[in-house]
Amino acid sequence: MTLLAAEGLTKRFGGVLAAKDVTFALEAGEMLAIIGPNGAGKSTTFNMVGGQLRPDAGRVTLAGQDITGIAPRAVCRLGVGRTFQVAQTFLSFSVLGNVQMALIAHHGQTRRLLADAAAMHRDDALALLDRVGMAAQAARPIGELAYGDVKRVELAIALAAAPRLLLMDEPTAGMAPAERTALMALVAGIARGQGIGVLFTEHDMDAVFAHADRILVLVRGEIIARGTPDQVRADPEVQRVYLGHSGTRAAARAQRAHG
Amino acid sequence: MAEHVLEVTGLRAGYGPAEVLFGVELHLARGEVAALMGRNGAGKSTTLKAIMGLLPPRAGSIRFAGQEIAGAAAYRIARMGLGYVPEERRIFTDLTVAENLDVGRRAAPAGRAPWTPERLFQIFPNLAEMRHRRGGAMSGGEQQMLTIARTLMGNPEAVLLDEPSEGLAPVIVEQMAEAVLRMKAEGIAVLVSEQNLDFAAAVADRALILEKGSVRWQGSIATLEADEDVRRAYLTV
Amino acid sequence: MEWEFLLVQALSGLASASSLFVIASGLTIVFGVTRIVNFAHGSFYMLGAYVAVTVVPWLLEIERSPWLFFAGVLVSALVVGALGVVMEVLLLRRIYRVPELFQLLATFGVVLIVQDVVLLVWGPVDIPGPRAPGLRHGVEILGQRFPAYELFLIFVGPAVLGLLWLLMHRTRFGVLIRAATQDREMVGALGVNQAMLFTGTLFLGAALAGLGGALQIPRASANGQMDLSIITEAFVVTVIGGMGSVPGAFIAAVLIGLLQAFGVLVFPKITLVLVFLLMAAVLVVKPWGLLGRPEAVAGRAVLPEGILDPGRLDGAGKALAALALAGVLALPLLDAYAVKVGTEVLILALAAFSLNFLVGNGGIVSFGHAAYFGLGAYGAGLLVVRGGVPMEASLLAAPLAGGAFAALFGFFVVRLSGIYLAMLTLAFAQIAYAVVFQWVEVTGGDNGLVGVWPSRWAASREVYHYIVAAVTIAAIIFLRRVIHAPFGATLRAARDSAQRADAIGVDVRMHRWLGFTLAGAAAGLAGGLYAFSKGSIDPTLLGIPMSVDFLAMLLLGGIQSVLGPIAGAAAFHAVKDFFMPLTDHWRLFLGLSIIAMVLVFPRGLAGAWASLRRRPA
């Protein structure tokens, strides 16, 4: 069954049409990238799926269940993990504490008044950190980590909800090129290995063309192209309005690198 | 000596208890474009902020146009002729394009033709069409153009340009590169922090690589492009 | 007939709105540029009135001309503007980068100082002002007489709005102010001397407050309570209008002016409640006010100001806690005075601890925590005095009353964040204060109620001390446990990143609401205990100064620490109790102390203790 389906999503801000009739589907274990110029409606589309924005028209379904316009926390409980363009973590907590907090929330235990939070779900949290290669840093305050490592911990937090779908808004923004490649490889491995669908937006053409199974190109709120990386890269309209010379070059390079 | 518009020695800076810069040494010749490269967290933005006086330097010397500016207030440094274009654009979204330019306006040093909105609109024709539009109603690429134009209104002798290609669509990045080359053609020295080697190669004469808070390598862009070992050591893996 | 009356009512509403706008516009401009909510704005208003009642009669001695009257009003505004410059240069300039809670406290320190200075210079008696020559008559409007001066005031507001608009859009200073309202650091990086800009802004803001005060003198005497009564109204106007928005302040002032003018006809006693309902309704629909916009989210996350790691008590910490406990239990061996102070310290420690549960642990900066303390005291006290209920049952009512009102007010409060939240908590507290103050039949009004005594078995100071010790220590241990539990951790998590908390499935608003209610209940319990220790209740228990005392205890103890507020309460109350009888200028002393603490000692006693421990032996 289709994991995520968006049908005819439309959103207006004032008089500006930020998204117009955006329709796409995503299967379990698939990585779908949304690319496009700034202000093309990527974040709007993303936020309509994640529950931050309610669409003016259209429908979002998760495994057949209508989730249009429900709150982000409810979306989360239905099995959707989320990472942000600027990593969002709990800065006053340790690395381990961040993941424990996510697990406490996942198990619906946030209103307990007497249990000792620091002792809860330690093993599960460590296992999640191990999956993203951060178990060795578990005891450190998260504020001390390099940004690339913070992004990994954020991924572990998102995985704590045992998600079927990951929404990643510019997962590699603000990272060094080497960290970008490593993070995307990690995400791809986890997604394909466990059948988690990944919807992500991205400006880094290397990340997109190396890892996405399919790509949507949004321009001024409308999908102007969709397809495999090969099809999108070869599309003259996409080259003209979005990729330009350097982007096309980067796309070709990324695909060569990944066979 | 005199040909260096900016000269930084032993610069240390950081946030709270965290030290970020450990003795940065760099210089910028008059009219030169240099790329300050390195991984995220290497200290590129911090270096530019410390030079600009937005983050107090803890040690070291920063000389601009022959004068010591370490520890001076940002507005004094700007008035001496050093421009700053921040990473997050930071245009004034409530103000119109024309008002944004007005905030940046400062008198030109004697003997130089001052930048005017009209001259800037020739370089950034998109902006001319939206003089009276609010900054908040512009696209990311247009805002990036405006932030550079606003800095040029101060008639700087040198400009610190922080990650101008970050988060922009590839076609816009190409326009940014053209804008930097145009600044160079006007005789403005530019220190641009950048992670994207393609962009750096397109605009800069020289590259400096920061790693863990100090400059570890410098040389021509051509050398950097040819030297895979250096790239691998500091930029990629 | 009905009609004409309504028209006159509307006109007097507009006259009040106009005055309110002149004052609030200054507050909102200063906030926009400096991001400081200036409590002392009300003090500037009061100073404007006092300067005017001094200067204007002197000028009118020369000649009773309307021109000299208005010249005197303008001179008063300029004098107050100059005082604003003094405040900017001496104080604000040093606190632009400190957390907003500390900024609020520091400007409140100025309020306290000005109150004592006004008392010293002008004395305790109200000073009536002269009426404006040429505007002393009434104007006939549809058969109703309407004071000409009020009619004149109606035009002042729009005129000030127009002048401010011209200033903001047609002058470079104004464009720079608008730019700095959004991003003052960037304005500096473009070569603008921020110090000059800020000083200029404070001059403008203070002068507007002074103008507002000076224009009041024909309507009301200058008196020492003008500052806090106007500042709450001005806060409400700026919050409804959107902080930083001058046109928003204008719309809000008109709405409030009219609401009060007509509300008086329908609900003569509770117009304040109507204003509060308006504010609550606006903020529920538009959390940043009518024309305000969300606070820009910082690109790079910063470590929150508050409890970072609740941690465990180490050996030395346990020893210190044991020593404190032993001291508390041993107090009755000393004299009665020690027992009295000790009992009060325990009660205040619980109140301060419950406040830090919100501020330090939840990032919810409540500026009106005394409301729940006071409502707890009234809940218990009214049952005893009016209902004849014994102490044991009445004490149960205290946390219920505190918690119930915290739940009611908190329902609105938790929809906001940052400075809006602080303003709303303050406004609710002022409303609770006003209701208690005005509802004389039930609450005894200003005089309060006496006869709130413990049951006979608990009547001795010593026995009551042990009751208080048992109850407060148990409550503090419980709250401390909650801080370590998932609920406390969830509040910290939501403080660190509400977005992340939301994305892991936490209902942030619900948890904050429950936390606010729990803290309110704890404060209510403290208030109930306090009522029985004093034997009486009065409205000062709910007042702003009481809320500020609690915050000063946190400041003194250190909001980063779980147990620091207890030490803060002990130190603050001991010093206050010792010094207050010795000086006529306690407020001056307290104001200067608060400012000194913000400037030199921002981590409090707990911070000092921690750095002492870290120092190598």
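Keep in mind the model is a prediction, meaning the values are calculated, not measured. Protein chains get the first letters and strands the later ones, always in sequence-line order, with residue 1 at the start of each.
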Once rounded to the nearest 0.5 Å, what's the spacing between atom OG1 of A/T110 and atom CG of C/L491? 9.5 Å
For the CZ atom of A/R73 and the CD1 atom of C/I504, what is their distance to the nearest 0.5 Å?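 Here the rounded value is 12.5 Å.
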Side chain proximity check, C/P486 to A/M120, heavy atoms < 4.5 angstrom: yes
Any A/F84 side-chain heavy atom under 4.5 Å of C/Q499 side chain: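 Yes; the side chains approach each other to less than 4.5 Å.
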A cation-pi test, strictly: NZ or CZ of C/R492 under 6.0 Å from the centre of the six-membered ring of A/F93 and no more than 45 degrees from its axis. Yes or no?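 Verdict for A/F93: a cation-pi partner in C/R492.
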Report which part of A/L114 has an atom under 4.5 Å of a heavy atom belonging to chain C: side chain, backbone, both, or neither. both
A/A102 versus chain C, heavy atoms under 4.5 Å apart: side chain, backbone, both or neither? both
Within 6.0 Å of CZ in A/F24, more than 12 heavy atoms from elsewhere: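 Buried by this count: over 12 neighbours within 6.0 Å.
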Between [options], who has the most heavy-atom pairs with chain A when the cutoff is under 4.5 Å?
options: C/I483, C/V508, C/D502, C/L518; answer: C/D502
options: C/P310, C/G306, C/G488, C/A501; answer: C/A501
options: C/A493, C/A489, C/A494; answer: C/A493

Given C/T490 and A/M101, is the side chain to side chain contact (heavy atoms under 4.5 Å, CB included) satisfied, shown in steps? CA-CA 7 Å; C/T490 303; A/M101 187 62 235; 3.1 Å; yes
Which atoms of C/R312 come close to chain A, meaning under 4.5 Å heavy atom to heavy atom: side chain ones, backbone ones, both, or neither? side chain
For C/L514, which atoms come within 4.5 Å of any heavy atom of chain A: side chain, backbone, both, or neither? side chain
Heavy-atom pair of closest approach, residues [X] and [Y]:
X: C/A485; Y: A/A117; result: C-CB, 3.8 Å
X: A/C76; Y: C/A503; result: SG-O, 3.2 Å
X: C/V506; Y: A/A105; result: CG2-CB, 3.8 Å
X: A/F90; Y: C/D496; result: C-OD2, 3.3 Å

Show, in sequence, the C-alpha distance, side-chain angles and deciding distance for C/R481 and A/D116, and conclude whether the side chain to side chain contact (heavy atoms under 4.5 Å, CB included) test is met. CA-CA 8 Å; C/R481 183 78 209 170; A/D116 183 3; 3.7 Å; yes
Salt-bridge criterion met for A/R77 and C/D507 (N-O under 4.0 Å):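 Salt bridge absent between A/R77 and C/D507.
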Hey, is the main chain of A/T89 close enough, under 3.5 Å, to the side chain of C/R500 for a donor-acceptor pair?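 Side chain of C/R500 to backbone of A/T89, a donor-acceptor pair under 3.5 Å: no, none is there.
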Cut-off 3.5 Å, side chains only: do A/S92 and C/R495 have a donor facing an acceptor?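 The criterion, which ignores hydrogens and geometry beyond distance, is satisfied for C/R495 and A/S92.
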